[in-house]
Amino acid sequence: MPKSASDEAEQRGASTHDPSPQERIWQVVASIPKGAVATYGQVAELAGMPRGARQVGRVLAALPNDSRLPWHRVVNAAGRVSLRGDSGRLQRRLLRDEGVAFRADRIDLQRCRWTP
DNA sequence: TCCTTGACGGAGA
DNA sequence: ATCTCCGCCAAGG
């Protein structure tokens with residue numbers, strides 16, 4: 001028999017404490033396959049935050065530089081890289097390195113957008 | 001508190 | 001296709 005509410009939650013499959021919004025975003029980003037991209041809004045929705053595109057941007061901006069998360073696979077709804085300057089060039093380079101094509105700094109979302 | 005600032009997005013012009 | 005304007009939602013001043 002479960003001794004506490006949290007133990008019972010564990011029985012149902014939930015872990016000790018529900019994942020924070022931030023953790024849910026990390027999880028979604030981590031699951032974007034190589035060579036594909038997702039938009040901020042799409043990540044937000046998949047993370048259970050329908051209008052949280054900006055939150056996704058904020059969470060990604062807070063990632064440490066040595067993060068293993070494929071943050072570069074997240075682009076804006078226009079299929080463009082939102083980062084400015086060197087960071088933006090890095091993101092485009094990482095994407096090109098895994099086969100994502102750019103046409104005038106823009107990605108063809110119809111072709112590269114990830115569909116879970 | 002109020003105001004400003006974004007790795008945003010969609011509707012109009 | 002591009003540009004503005006506005007709604008959205010936290011975080012920081």
Side-chain angles (χ1 to χ4, degrees):
Chain A
M1 273 301 271
K3 302 190 290 297
S4 67
S6 63
D7 283 346
E8 189 173 292
E10 187 86 333
Q11 292 289 133
R12 296 193 323 265
S15 43
T16 311
H17 58 290
D18 293 336
S20 64
Q22 174 177 239
E23 292 168 320
R24 295 200 304 276
I25 288 170
W26 291 338
Q27 168 51 55
V28 172
V29 173
S31 56
I32 305 171
K34 180 167 47 164
V37 299
T39 66
Y40 294 93
Q42 181 181 4
V43 171
E45 200 152 318
L46 290 170
M49 299 178 245
R51 283 165 284 317
R54 306 193 86 130
Q55 292 176 67
V56 173
R58 226 169 330 95
V59 168
L60 294 187
L63 290 175
N65 296 309
D66 58 13
S67 173
R68 192 178 56 66
L69 233 61
W71 56 270
H72 59 283
R73 298 184 187 144
V74 184
V75 299
N76 64 33
R80 293 171 147 295
V81 161
S82 287
L83 285 171
R84 292 301 173 168
D86 294 320
S87 316
R89 281 184 287 279
L90 170 61
Q91 182 173 7
R92 282 186 290 272
R93 198 201 82 214
L94 291 170
L95 285 171
R96 274 192 266 258
D97 284 351
E98 54 185 50
V100 176
F102 283 82
R103 241 171 55 248
D105 277 340
R106 194 167 304 151
I107 296 168
D108 181 351
L109 291 181
Q110 282 302 318
R111 196 173 52 198
C112 304
R113 194 199 247 302
W114 171 46
T115 50

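Lettering of chains follows the sequences in order, A, B, ..., and the numbering in each one begins at 1.
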Would a 4.5 Å heavy-atom cut-off, applied to side chains only, mark [X] and [Y] as touching?
X	Y	answer
A:Met49	A:Ile25	yes
A:Leu94	A:Glu98	no
A:Arg92	A:Arg96	yes
A:Pro70	A:His72	yes

Whole angstrom is fine here: how far is it from [atom1] in [X] over to [atom2] in [N]?
X	N	atom1	atom2	value
A:Met49	B:dC8	CE	C1'	14 Å
A:Arg113	B:dG9	CZ	C1'	11 Å
A:Leu90	B:dA7	CG	C1'	13 Å
A:Gln55	B:dG9	CD	P	13 Å
A:Ile25	B:dC8	CD1	P	13 Å

Give, for atom [atom1] of [X] and atom [atom2] of [Y], the distance between the pair rounded to the nearest 0.5 Å.
X	Y	atom1	atom2	answer
A:Leu69	A:Leu60	CG	CG	7.5 Å
A:Asp66	A:Leu63	CG	CG	10.0 Å
A:Trp71	A:Ser87	CH2	OG	7.0 Å
A:Arg89	A:Arg84	CZ	CZ	10.5 Å

Would you list the protein and nucleotides 11-13 of chain C atom pairs, both N or O, that sit under 3.5 Å from each other?
none

Q) If you look at every heavy atom in A:Gly88 and A:Val81, which pair is closest and at what distance? A)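 Heavy-atom minimum between the residues: CA-CG1, 3.9 Å.
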Shortest non-hydrogen contact from A:Ala44 toward A:Ala53 |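 Shortest heavy-atom separation between A:Ala44 and A:Ala53 comes out as CB-N, 3.7 Å.
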Over all strands shown, is A:Arg54 touching base, sugar-phosphate only, or nothing at heavy-atom distances under 4.0 angstrom?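 A:Arg54: base contact, heavy atoms under 4.0 Å.
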Close approaches to DNA chain B from [range], in residue order (heavy atom, under 4.0 Å):
range	answer
residues 96-111 of chain A	none
residues 70-83 of chain A	A:Trp71, A:Asn76, A:Ala77, A:Ser82, A:Leu83
residues 36-47 of chain A	A:Thr39, A:Tyr40, A:Gly41

Enumerate, atom names and distances included, each donor-acceptor pair closer than 3.5 Å involving a side-chain atom of residues 100-116 of chain A, sequence neighbours excluded.
| from | atom 1 | to | atom 2 | distance (Å) |
| --- | --- | --- | --- | --- |
| A:Asp108 | OD1 | A:Gln110 | N | 3.0 |
| A:Arg113 | NH1 | A:Gln42 | OE1 | 2.6 |

Sub-3.5 Å pairs of nitrogen or oxygen atoms, protein against nucleotides 1-4 of chain B:
none

Report task. Kindly determine whether A:Gln91 and A:Val75 satisfy side-chain contact (heavy atoms from CB on, under 4.5 Å), including the steps that lead there. Result -> CA-CA 9 Å; A:Gln91 182 173 7; A:Val75 299; 4.0 Å; yes
Would a distance-only check, ignoring hydrogens and angles, find a side-chain to backbone donor-acceptor pair under 3.5 Å from A:Arg24 to A:Pro19?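 Yes.
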